[in-house]
Visitor: 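Handing you this structure, nothing more for now.
Chain identifiers are assigned alphabetically (A, B, ...) following the order of the sequence lines, protein sequences preceding nucleic acid strands; residue numbering begins at 1 within each chain.
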There are 2 protein chains.
Amino acid sequence: MQITLKDIARMADVAESTVSRALNDKPGVGRETKLKILKIAKENNYRPNQLARGLAAKKTNMLAVIMAEMDSPGNIEIVKSIEKAAEKQGYQIILCNTNNQEEKEKSYLSLLESNQVDGAIFIGGKLVGSHLLRASFSQENAIVLVNRLAEENFFTSVLTDYSQGIYKAVEHLVEQGFKKISLVCGDKGDLIEEEKIDGYKSALTEAGLEVNDDLIFSTSVDRQAGYDVFLEIIEGDVIPDAFISTRELTTIGLVEAIKMGGYFIPDDFAVVGYGDNILTSVIDPPLTVLSEPVEKLGEDSLNFLLKLIKEELDSQQIKVLTPELIIRESSISKYN
Amino acid sequence: MQITLKDIARMADVAESTVSRALNDKPGVGRETKLKILKIAKENNYRPNQLARGLAAKKTNMLAVIMAEMDSPGNIEIVKSIEKAAEKQGYQIILCNTNNQEEKEKSYLSLLESNQVDGAIFIGGKLVGSHLLRASFSQENAIVLVNRLAEENFFTSVLTDYSQGIYKAVEHLVEQGFKKISLVCGDKGDLIEEEKIDGYKSALTEAGLEVNDDLIFSTSVDRQAGYDVFLEIIEGDVIPDAFISTRELTTIGLVEAIKMGGYFIPDDFAVVGYGDNILTSVIDPPLTVLSEPVEKLGEDSLNFLLKLIKEELDSQQIKVLTPELIIRESSISKYN
DNA sequence: TCAATTTACGCAAGCGCTTGCGAAACCTTG
DNA sequence: CAAGGTTTCGCAAGCGCTTGCGTAAATTGA
């Protein structure tokens, strides 16, 4: 059996409450007593039962990071940044992977609802499910969204400004002389994707280029999808000369398909990808990418969350961060 | 405030114990009563407090997966496989990333020690720290190690047979006519690394080739290390004609350095990498790799863990899985 | 030196749940 | 219809901790 507070109390010949206070560094226990208790606790390798502690204290000092995809190196970077920031503040992070399944998201949400964690950060995922909304309504639950739009500005969130990012990408491609720029994004209807499309369209318009809806492609989020969409595209009526591909894995698939088809990047097709990480940097040719401020996304979301927990945040806040365009070979026109 | 068992009991006009039994599908509650309780619980969107539940029941149906590196796509695959298997058995998985810091490992271990999870799987990491040993001794804690060797066969583990894998790789390279095969691995002294070296040496000996310790390089686990080690190697006395690089990220760095140096793979240097995943498949040229049975590693480790929890496992078991050599361009000699 | 504070500590309730045990209510049989 | 067996349910203890409150002891000040 585990050693408990009670055991320590008995050994030190004091009350449980005193042990508790000593261990938690709370006032009301004399220097001598405290030292004695600490010593005994250490000698016996005492580990407080966090369940009991959480139950009694109504907080656990643990935060959940619930992410939709852990295949994405970008997300991993965000997580690491959150972890780093959390450590400084004395919070422990536990990770949950939903694999884009709403069911799992619900299930992990119960960590919050049942007080196992003091707050949760959601990275990615679609819109906002009713379960999430309810959770955040019904209790005063601390929830922060990262790169995930809510229909109402209901959640505190930190977002990448996709629209702005895509705008920059288009601008760059236009400068390079590309005329038929295709956008490969996720499901239309998804708010984040709509935003990308907005940026795309307005940049084209600004540049005096025609917007052709047939050049906008929706795919699912994986590698295969990127591969498949290219096959579909080259069978199509309008063949683009450049791609802006807005998700990491999809971009990889797309590039593979292009090369597999015997085409060259950027000679036959320019490519602007997403996410400045090991994947996109390793691929041949080096990819021009929109780089998310992953570090900042993590930091800011954690800070928001802590403020929510401490109830220092008056209203829902939304922070928007702009991605950076990192120009490499894959988008440099041979005519330049 | 949260709605509690007590509230439901009051509403249904029964005792708390009855509600508890109804909700947990335990015998001893009549059909009618049960239905009524379930209905009321649902209507009120009742969520049991898992802390309280865990405290009282001494189990939580949650398992922790504690991994040393979450940058590694291979590890991610293992995690996903664990998750899949766990879901079937009704367990929830929470992930913990230690970033190779022993401190963090200790800290996450407290999840186990304080009963927040019923068991833990450790993926990777070095040897076995005293904290881990103590934890597994002092309580009847359920711990399974994946790809991590213990000095004594104390832990139940599932391992990749690195020795065997490297052996195959050497064999293959020898067949291709390479003579000066270099091994890039981790810290000597680390049991897993020693095992790799064993496989390497015995394969060379078997092939009648001389073993040269100067061709064995130890690096840390990241990408930069792979890059740096190549620079070091080409300054050295003996220049190899082939590399076996045994960690994912390091391999990436190594390949980059080779290309950066103006050399060609496999013409100047053959490369056998590690891990059949998106990273190694995307790189140019396609890499010959030792492929871990990630799926199986995950499944088996979870099954072991569940058996440990249910105390169906009599003694520490060790399962060894053999990696497969997937031959691609990077190791095919031009002389063939 | 004695009242007035302050400090150190113990008591006990309570966090929300589970579970062993016993009592009542129900069903079997012969 | 009574004796015995089942079910269904409530009681109450307890999981290991925190925390408000009360009291005794130590400290202060004049």
Side-chain angles (χ1 to χ4, degrees), chain A residues 1-38 40-41 44-62 110-118 138-139, chain B residues 1-38 40-41 44-62 110-118 138-139:
Chain A
M1 205 46 236
Q2 285 265 20
I3 196 164
T4 73
L5 234 207
K6 193 190 264 178
D7 299 327
I8 304 291
R10 195 168 345 98
M11 297 186 209
D13 200 32
V14 295
E16 293 182 39
S17 47
T18 305
V19 178
S20 169
R21 282 188 263 262
L23 258 29
N24 289 311
D25 224 32
K26 295 202 173 169
V29 31
R31 191 169 159 61
E32 295 256 308
T33 333
K34 185 164 183 172
L35 253 39
K36 179 171 68 173
I37 293 174
L38 257 33
I40 296 187
N44 291 277
N45 187 34
Y46 166 70
R47 306 271 152 186
N49 181 324
Q50 301 294 349
L51 292 177
R53 185 181 273 204
L55 181 59
K58 296 188 171 311
K59 67 186 178 74
T60 60
N61 276 297
M62 302 208 316
S110 73
L111 288 175
L112 234 199
E113 295 181 318
S114 71
N115 302 313
Q116 291 181 92
V117 296
D118 297 342
S138 63
Q139 295 102 243
Chain B
M1 205 45 235
Q2 284 265 20
I3 196 164
T4 73
L5 233 207
K6 192 190 263 178
D7 299 327
I8 304 290
R10 196 168 345 98
M11 296 186 208
D13 199 33
V14 294
E16 292 182 40
S17 48
T18 306
V19 178
S20 169
R21 282 188 263 263
L23 258 28
N24 289 311
D25 225 34
K26 297 203 170 167
V29 30
R31 191 170 158 60
E32 296 256 308
T33 333
K34 185 165 183 171
L35 252 40
K36 180 170 68 172
I37 293 174
L38 258 33
I40 296 187
N44 291 278
N45 188 36
Y46 166 70
R47 307 269 153 187
N49 181 322
Q50 301 293 351
L51 292 177
R53 186 181 273 204
L55 181 59
K58 297 189 169 307
K59 68 186 180 73
T60 61
N61 276 295
M62 302 209 317
S110 74
L111 288 174
L112 232 200
E113 295 180 318
S114 72
N115 302 311
Q116 290 180 93
V117 296
D118 298 341
S138 63
Q139 295 101 243

Visitor: Ignoring backbone atoms, establish whether A/Asn24 has a side-chain N or O less than 4.0 Å from OP1 or OP2 of D/dT18.
Guide: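 For D/dT18, OP1/OP2 do have a side-chain N/O of A/Asn24 under 4.0 Å.
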
Visitor: Can you name the atoms? Protein N/O to nucleotides 20-26 of chain C N/O, anything below 3.5 Å, with the distance.
Guide:
| unit_1 | atom_1 | unit_2 | atom_2 | d |
| --- | --- | --- | --- | --- |
| C/dG20 | O6 | B/Arg21 | NH1 | 3.4 |
| C/dG20 | O6 | B/Arg21 | NH2 | 3.2 |

Visitor: Separation of A/Arg53 atom CZ from D/dT19 atom P, in whole Å?
Guide: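 After rounding, the reported distance stands at 10 Å.
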
Visitor: Return the 5'-most residue of the pair B/Val14, B/Ala52 with respect to DNA chain D, ranking by each residue's nearest nucleotide.
Guide: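 Mapping each residue to its closest nucleotide by heavy atoms, the 5'-most match is B/Val14.
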
Visitor: In degrees, rounded to 10°, what is the bend between the two ends of the helix from C/dT1-D/dA30 to C/dG30-D/dC1, using five pairs at each?
Guide: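 The helix from C/dT1-D/dA30 to C/dG30-D/dC1 shows an end-to-end axis angle of 30°.
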
Visitor: With sequence neighbours left out, write down each residue that passes side chain to side chain donor-acceptor pair (under 3.5 Å) with A/Asp7, or none if nothing qualifies.
Guide: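 With sequence neighbours excluded, A/Asp7 shows a side chain to side chain donor-acceptor pair (under 3.5 Å) to A/Thr4, A/Arg10, given in chain and number order.
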
Visitor: From CG of A/Asn49 over to P of D/dT18, roughly how many Å is that when rounded to an integer?
Guide: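 It works out to 10 Å between those atoms.
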
Visitor: Do the side-chain N or O atoms of A/Lys58 get closer than 4.0 angstrom to the phosphate oxygens (OP1, OP2) of C/dG14?
Guide: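 False: A/Lys58 side-chain N/O out of range (4.0 Å or more) of C/dG14 OP1/OP2.
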
Visitor: For the pair made of CG in B/Leu23 and C1' in C/dG16, what is the distance, rounded to whole Å?
Guide: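 Atom-to-atom, B/Leu23 to C/dG16, this comes out as 13 Å.
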
Visitor: B/Asp13: which residues meet the salt bridge (Lys or Arg N to Asp or Glu O under 4.0 Å) condition with it, sequence neighbours left out?
Guide: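 Testing B/Asp13 for salt bridge (Lys or Arg N to Asp or Glu O under 4.0 Å), a comparison that skips the adjacent residues, returns none.
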
Visitor: Name all residues meeting the side chain to side chain donor-acceptor pair (under 3.5 Å) criterion together with A/Gln116; count only those two or more places apart in sequence or in a different chain, and write none if there are none.
Guide: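 With neighbours one apart ignored, the set is A/Ser114.
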
Visitor: Does B/Thr60 have any side chain to side chain donor-acceptor pair (under 3.5 Å) partners at least two apart in sequence or in another chain, and if so, which?
Guide: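 Partners of B/Thr60 under the side chain to side chain donor-acceptor pair (under 3.5 Å) test: B/Asp118.
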
Visitor: Rounded to whole Å, how long is the line connecting atom CG of A/Leu51 with atom P of D/dG14?
Guide: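 Whole-Å distance recorded here is 20 Å.
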
Visitor: Is the shortest side-chain N/O distance from A/Ser20 to OP1 or OP2 of D/dT19 below 4.0 Å?
Guide: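 So the side chain of A/Ser20 is outside the cut-off, no N or O lying under 4.0 Å from OP1 or OP2 of D/dT19.
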
Visitor: Do A/Leu51 and B/Arg53 have side-chain heavy atoms sitting under 4.5 Å apart?
Guide: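 Counting from C-beta outward, A/Leu51 and B/Arg53 never come under 4.5 Å.
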
